[in-house]
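The structure appears below as structure tokens.
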Amino acid sequence: MPFVTVLIKGAKTGATTNADGNFSIAATSGQTLVFSFVGYKSREVTLTAQTTLDITLEPESTNLSEVLVVGYGTQARDKVTTAISRLDNKVLENIPYQNVASSLQGTIAGVRVQSVSGQPGAAPRVILRGGTSINNPNGAAPLYIIDGVIRPNLNDISSEEIESMQVLKDAASTAIYGARASNGVVIVTTKSGKTGKLRVNYQYNLSLSQLAKGYELASARDLITYQRQGVLATAQVSGNATYLTQLTGKSGYGTGNDLTNSTAFTTQYLTDQNKYKLTEGWESMPDPVDPSKTIIFKGTNFQDVLFQNAVSQNHHISLSGGSEKATFSAGIGYMNAQGIAITTNYQRLNFDMNGELLVNDRLKLFGRMMYSRSGNNQVFSNNSIFERSIDVPMTTKYVFEDGSLAPGLAMSLGNPEYYLNKLKGKNSTTNLSMAVGGHWQILPGLSFDPQLSLYETSGDGRSFQQAYYNGPTSYITTRAATGLYGKRTQYQADGVLSYGKLFQGVHNVEAKLGISYYQRDTTGLSAAGQGASSDLIPTLNASATPVSVSGYESRQVLVGYFSRINYDYMDKYLVSLNARYDGASNLGASHQWGFFPGVSVGWNLHRENFWKSISEDKLRLKLRASYGVNGNIAGLADFQAQGQYSVGSLYNGNAAITNTILPNANLQWERSKTIDLGADIGLWNNRISMLVDVYRRVTDNLLTDLSLPLSTGFSSVRTNLGSLENKGIELELRASVLPSSSTLQWVVSVNAAKTQQKILKLPENGNANNRIGGIEIWDDATKSYVYKGGLQEGGRVGDMFSYKQLGIYSTDEEAAKAPIDYLITRSNRTKYGGDVIWLDADGNGSIDARDRVYVGNPYPTWTGGFSNTLTYKGLSFYARADYTTGHTIFNYPRAQMIGQFQGDINISKEALQSWKKPGDKTDVPKYYWADQNAQNNLFRNATGANGSNSRYYESGDFLCFREVSLSYSLPKKLANVARLQGVRLNLTAQNLGYITGYKG
Amino acid sequence: MKKQLRLLYITLLGVIIASCTNNLELEPTSVISNASFWKTQDDAAGGIYGMYVNLRTQASKNLFLWGEARSETVGAGVQGLDGRDLFYLNQLDATNSGPDWQGMYTVIHHANLILKYVPGISFTSEVTKNNILAQAYAMRAYVYFCMVRTWGELPLVTEPTENFNPASVQRERSSVANVFTLIKSDIDKGMALFPNNTFPTGRNVWSKPALNALKGDVYLWTAKKLAGGTTDLNTALEALNLVKSSDVALLSNYNDVFDYTTKGNKEILFAINFKRNEVTDNDYANMYFPPAYVPNDINSDVATALGVAAGQNFWAPTATFRSQFTDDDQRKNGTFREIYTASSGVSKFYGAFAVKFNGMVELGTRYFLDDYIVYRYADILLMIAEVKNALGQDPTPEIMQVRTRAYGSKVSAHLFTNGSQAQNDEVILQERLLELGLEGKRWWDLVRFNKAFDKVASLKDRTGKDYLLLFPISANTLSLENKIRQNPGY
């Protein structure tokens, strides 16, 4: 094994093993040699008279002895002085991730991962320590580095190929990546070949998934009842009899439908002609508004139509092996995953290869290639199909009388099966990453590591809308077709000069000096056409009329020079200095270069003599502190600083050029300064190990949109604006509950992180707290009207305000005493029993926009997770859960299903608890059709963050049982019968359930 | 020797790497940076259409909201209200203020860019250059005219926005008089620059006749609302008469004025162009009728007029408005249609929709892409009648010209007799309602004639609250522009 440090205990002499793992040292009998290497247990051998020694080092296994891949190198946990977390490989063991970034969910303290799309394979949102953005706190993505190659995400990587994943969290650890590192760095290394016999590994996974829980909808019968009575109620309170025409309309609850193909719904009065339907599963009910008549209908829950039991299969085979001089590794993976929505799927093919050649004692060369091709047929945004399937009224016809699929009301609110099958789409993405590099031992202690890489990702897609019925009667033959192609090519060159030496046996110095060049080119084409004469050809050549063409090309260049010096004195006192000098092409001409330093120190107390009384085995303690500066330019488009005139619009066929972006030559690096204090604690020979970090990050010069006066004709300009503070605490704990001698092993691992954000400074604009945006409401503390929310110094991003529901008026008499509600736009604002009792915050006897109160914030404060591993001989049980707390979500679907803003969508089960008659005590107001036309019990001045009824701003806290796995490794003997090294079987259940108060 | 060789290799590597790092100054390929624009004649041509694209964005919905939505012509449709009731019920306030002025100032910013940079560009023909500058002046005058009628006092921006220094972008509002001084000065400058009194093909950009129409409109307003008196009336009359001398005429078929296939016809002076694949539906889509709401027993004649049902019926022509048309007026069926249903046993009114701007149907889909008419000849004739009446002259010829087209052979039943000034004004305002209804002019007409509190049901009990004639400034505007104060009364 090369690079193992060999020391004579107590002396200042040492040596390092060479590339073949050999070493020589002058020592005398009786002296003790200490062999150490990061990630391996140190070994001490007392010399007798022998002249040669064969030493084998054993790898260590707890997280305090793990080896971390840090920027441009590796480091043992023992020597790390910054905040770095490493993913427990257990998380990757059982699940073939469609997107491996999901594995960070709840497994690393301080990282918040949320899936943002139901599309299989899509990248989740990954936010470290709350992110550094006030514009778009959900857009602050970390920097991803895979085997030294920067990537925009972790898409399409097969998790089986991953050797390790670590997250660099504080500024001192990420300073070596300087630019773009302020939202953290995720470093991934992939597996490489090992010397030895050829090893073949095959893995197969079969998974079944289904929708965890459908939305609880009221039945078709209830829908008709509530909607018809609701229309009556709304017509009455609003004094607008026009609404009564709804009752006989061709709607989900109107009786204007019939059995022909020209109406979308089943709801209709019973007649001699249609009564036979009652024998075919249709139901009947008295008309709730005129019991002398009978309504017949058929209910269909379109959630059942949309969702399927999805089957996914994953194969992965890897080969690795090598000689003393050369090693190689290769893997092929194939995944085919159905989505839980019909017609959605994801396929992925992976090829990974790497090899290493020891040319001579001094020179090692390697090459790496990763290729993936993935595809899906996504045509709608998934969120909209999910929401649609909930909304489509249950009384919608699923099929017509002739048996053909019925389209429903319209594409925007129709039968998902009909519309999904009318849209033919296809997307594919190719990722190719190639790297060639080497390690050149120039002199003992001095080496040079160059790496040249190319990363190319290209995507192509097409969509075709077949001729379709947009609703039962309008037949659309536009046959819109699109095609697109986009490519991103990234060239990266890195060279690092390293020098390491142990001076006088105690002063260990390691220095690096490097340069990095990064160039990213993007280019793309797209076209759209229409008017194809048939549905047969989905590609653009069938289009009769071209509609539009578009193309783009852009480039970004970043150049960085960096250096790191690590020093330690006998592993006791650790110091690390980092610096990077970075230039970026997309910054303002006068501010392209930035300097990002970092410093960190650590103290291994257990290495001190005074610790001997405690014993290192009982308690190990390292204290560490770091400070550093990072940059970030994620929020900046390639040429934004230069202003922009946009092309592409037409005015009567003439190409128009519009001024869309204001130039800002002063745009500069966003800078984060982070102080991080931490401790690594190990108890009882590291059976319990713990990492604790407390940090404060202040980000200045935030790249943020500054809202401009509207009379400038621009809404905003991208600028460096203000500063933001993120504070937090993180804890990772790992415990082997049973002693290592036990055959049953039980490992518990827990992590937790709290993040708090505060806006420290905003540009002077003459407003109190230099507020930008926000709303004026009553402040009870100061007894005055003040602006809250928006962006304010001392405030948080994202605060939401709404009208507080105190209860429901039980009777008309009670309601008569209600304050005047100016949110009702009619001049008659009478309140009735069943209306919401609003908080009159300012107590002025009227309810208006100034009576809103704080109802929450959408960003979580606590995130974390825990896992348990039980191992007994070949049997292993693993369970993992994660949680998020402290955030509030506006549940628009729930409000809408009570408020019926749209007019013709389903209602939720909750409507059944609504106020119905004087004396009823409930939290759900009386059901009105189109609440905004009635009493505005749910539809206030807005239906977003700052407007609706407080009851529908719900706590988003959840605990999710993410994975439970049971695996069994066949006894070696048994496997050997089949000439296999080992066989491992596992049964895994994912996303088993949520515990949450959120109503879905 | 070996050591020296090694040193050489290292140096060489260093040079190779360092050579990659020389240049961070990149030029964009697919977008135009500010520094590289406004250099050639073609830049100016692209820029001027950019100005119209921004105006079109406003014409898609906002011009109607400011110019007509608060009047008696529109009311609830058969569907939800979509917040539109706030306009015709005149319930706007700072929170629900209607559209703010940002989009209009974007148009002004583009006009200002042209006025600043185009003079420095060398053109192959001065005529082309002057024509571009004239359009920018006309546009700036028109946009300020729309805004001053909507909000009154305005921040006066005459230079393009090129920095965001608070000292220069936070502006106070200038008096209405000052705004009109700028408008009139822009009109004069534009007038001097337009090379001739002809129309460009399509009539969808500013021209000298269109600018004269604007001039007439502006001076008529200042005559009546800013005590401009006879001087302004005469200026208006002179400008409007100049329009007459250009290539304009009333089309005999009223529907043809608005049809998608007859855009840029002889009655048009200036219309904002909407075209398939350039822009999405304009807001007239929301005054049409969605298929799901069409009753089964719809009258076949109305069904034919409706054609492909589309859009929404969030609002519709009101009964007040509809009842004023007589059956012999071709403008009745040219403006709206009514739907009756007998589903409850007796035939009852069910709903109405606007047909004036019903767009066109392509491959089964209706697209609401009729042009938004800023000025047309019938409007000019009625403005002339209004000016003449104010000057004590006989407005009969112009009124009768408009009526003759409307009633055709039945016009004898609709003869105009010259009466008192007040009576004539009443007739002219009424004729404007019938002729120009739903074209985004009614509210401003009511304000100009001082009739808003008489004619709009939701204002009848609020006489004297003259602040209602202006729109409120939005809370968002007040929050972002700290030197702007709310219109008194709101």
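Lettering of chains follows the sequences in order, A, B, ..., and the numbering in each one begins at 1.
Looking at A:Ala584, only its backbone comes within 4.5 Å of chain B, counting heavy atoms on both sides. For B:Pro291, the parts lying under 4.5 angstrom from a heavy atom of chain A are both the backbone and the side chain. With a 4.5 Å cut-off on non-hydrogen atoms, B:Leu26 touches chain A through its backbone and its side chain both. For a residue to count as touching a neighbouring chain, one of its non-hydrogen atoms must lie under 4.5 Å from one of that chain's; by this rule A:Asn240 touches chain B with the side chain only. Residue A:Ser548: no heavy atom, backbone or side chain, is found under 4.5 Å from chain B. Only the side chain of B:Asn482 comes within contact range of chain A, with at least one heavy atom under 4.5 Å from a heavy atom of that chain. With a threshold of 4.5 angstrom between heavy atoms, A:Arg771 approaches chain B through side-chain atoms but not through N, CA, C or O. In this structure, chain B has a heavy atom under 4.5 Å from the side chain of A:Tyr243, while its backbone stays farther away. For chain B, the nearby part of A:Phe639 is the side chain; its heavy atoms alone come within less than 4.5 Å. Interface residue B:Arg276: only side-chain heavy atoms are found under 4.5 Å from chain A. In this structure, no portion of A:Ser554 lies under 4.5 Å from any heavy atom of chain B. In this structure, chain B has a heavy atom under 4.5 Å from the side chain of A:Leu706, while its backbone stays farther away. For A:Leu409, the part sitting under 4.5 Å from any heavy atom of chain B is the side chain, from C-beta outward, and nothing else. Heavy atoms closer than 4.5 Å to chain B are found in the side chain of A:Gln246, but not in its backbone. Using a 4.5 Å cut-off between heavy atoms, B:Ala310 does not touch chain A at all. When heavy atoms are compared at a cutoff of 4.5 Å, B:Tyr52 approaches chain A by way of both its backbone and its side chain. Contact of A:Val547 with chain B is made through backbone and side chain together, with heavy-atom distances under 4.5 Å. Looking at B:Ile272, the atoms closer than 4.5 Å to chain A (heavy atoms on both sides) sit in the backbone and in the side chain alike. Contacts between B:Val157 and chain A at a heavy-atom distance below 4.5 Å involve the side chain alone, from C-beta outward. Looking at A:Gln902, neither its backbone nor its side chain comes within 4.5 Å of chain B, counting heavy atoms on both sides. Heavy atoms closer than 4.5 Å to chain B are found nowhere in A:Thr660, neither backbone nor side chain.
For chain A, the option among B:Asn204, B:Val294, B:Asp100, B:Val205 with the highest count of heavy-atom pairs below 4.5 Å is B:Asn204. Put simply, of B:Val169, B:Leu480, B:Ile32, the one with the most heavy-atom pairs under 4.5 Å next to chain A is B:Ile32. Top candidate by heavy-atom pairs under 4.5 Å with chain B, chosen from A:Asn654, A:Thr545, A:Thr245, is A:Asn654. In terms of heavy-atom pairs under 4.5 Å with chain A, the best-connected choice from B:Gly50, B:Ala45, B:Gly202 is B:Gly50. Interface check for chain B: of the options A:Ala930, A:Ala528, A:Gly653, the most heavy-atom pairs under 4.5 Å are formed by A:Gly653. Most heavy-atom pairs under 4.5 Å with chain B: of the set A:Gly774, A:Pro663, A:Pro709, A:Ala264, this distinction falls to A:Pro709. Chain B forms the most heavy-atom pairs under 4.5 Å with one residue out of A:Ile476, A:Thr658, A:Asn652, and that residue is A:Asn652. Contact tally against chain A (heavy-atom pairs below 4.5 Å) for B:Trp101, B:Phe349, B:Phe37: the top residue is B:Phe37.
Contact check on B:Glu481 versus B:Arg171 returns no salt bridge, with no Lys/Arg side-chain nitrogen under 4.0 Å from an Asp/Glu carboxylate oxygen.
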Report the C-alpha distance between B:Tyr350 and B:Tyr340 in whole Å, list the side-chain angles of each, state the deciding distance to 0.1 Å, and finish with yes or no for ring-ring contact (aromatic ring centres under 6.0 Å, His included). CA-CA 5 Å; B:Tyr350 176 80; B:Tyr340 284 77; 9.8 Å; no

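Within the 3.5 Å criterion, the main-chain N or O of A:Leu587 finds no donor-acceptor partner in the side chain of A:His591. Looking at A:Asp582, its side chain never comes within 3.5 Å of a backbone N or O of A:Trp593 through a donor-acceptor pair. A donor-acceptor pair under 3.5 Å links the side-chain atoms of A:Trp929 to the main chain of A:Gly903, judged by distance alone. At least one donor-acceptor pair closer than 3.5 Å links the side chain of B:His110 to the backbone N or O of A:Asn659. A side-chain donor-acceptor contact under 3.5 Å links B:Thr106 to the backbone of B:Gln102. No side-chain donor-acceptor contact under 3.5 Å links A:Ser251 to the backbone of A:Asp904. No side-chain donor-acceptor contact under 3.5 Å links B:Thr477 to the backbone of B:Ile473. With B:Arg462 contributing its side chain and B:Asn90 its backbone, the two residues share a donor-acceptor pair below 3.5 Å. Listed for the B:Asp371 side chain is a donor-acceptor partner under 3.5 Å among the backbone atoms of B:Phe274. B:Thr57 contributes a side-chain N or O that, together with a main-chain N or O of B:Val53, makes up a donor-acceptor pair within less than 3.5 Å.
For the residue pair A:Gln530/A:Gln465, the side-chain donor-acceptor check at 3.5 Å is not satisfied. For A:Gln640 and A:Asp638, the side-chain atoms include no donor-acceptor pair closer than 3.5 Å. Using modelled atom types, one finds a donor on one side chain and an acceptor on the other under 3.5 Å when comparing A:Thr260 with A:Asp258. For B:Thr161 and A:Thr712, the side-chain atoms include no donor-acceptor pair closer than 3.5 Å.
Contact record, B:Leu363 with A:Gly531: CD1-CA, 3.9 Å, taken as the closest heavy-atom pair.
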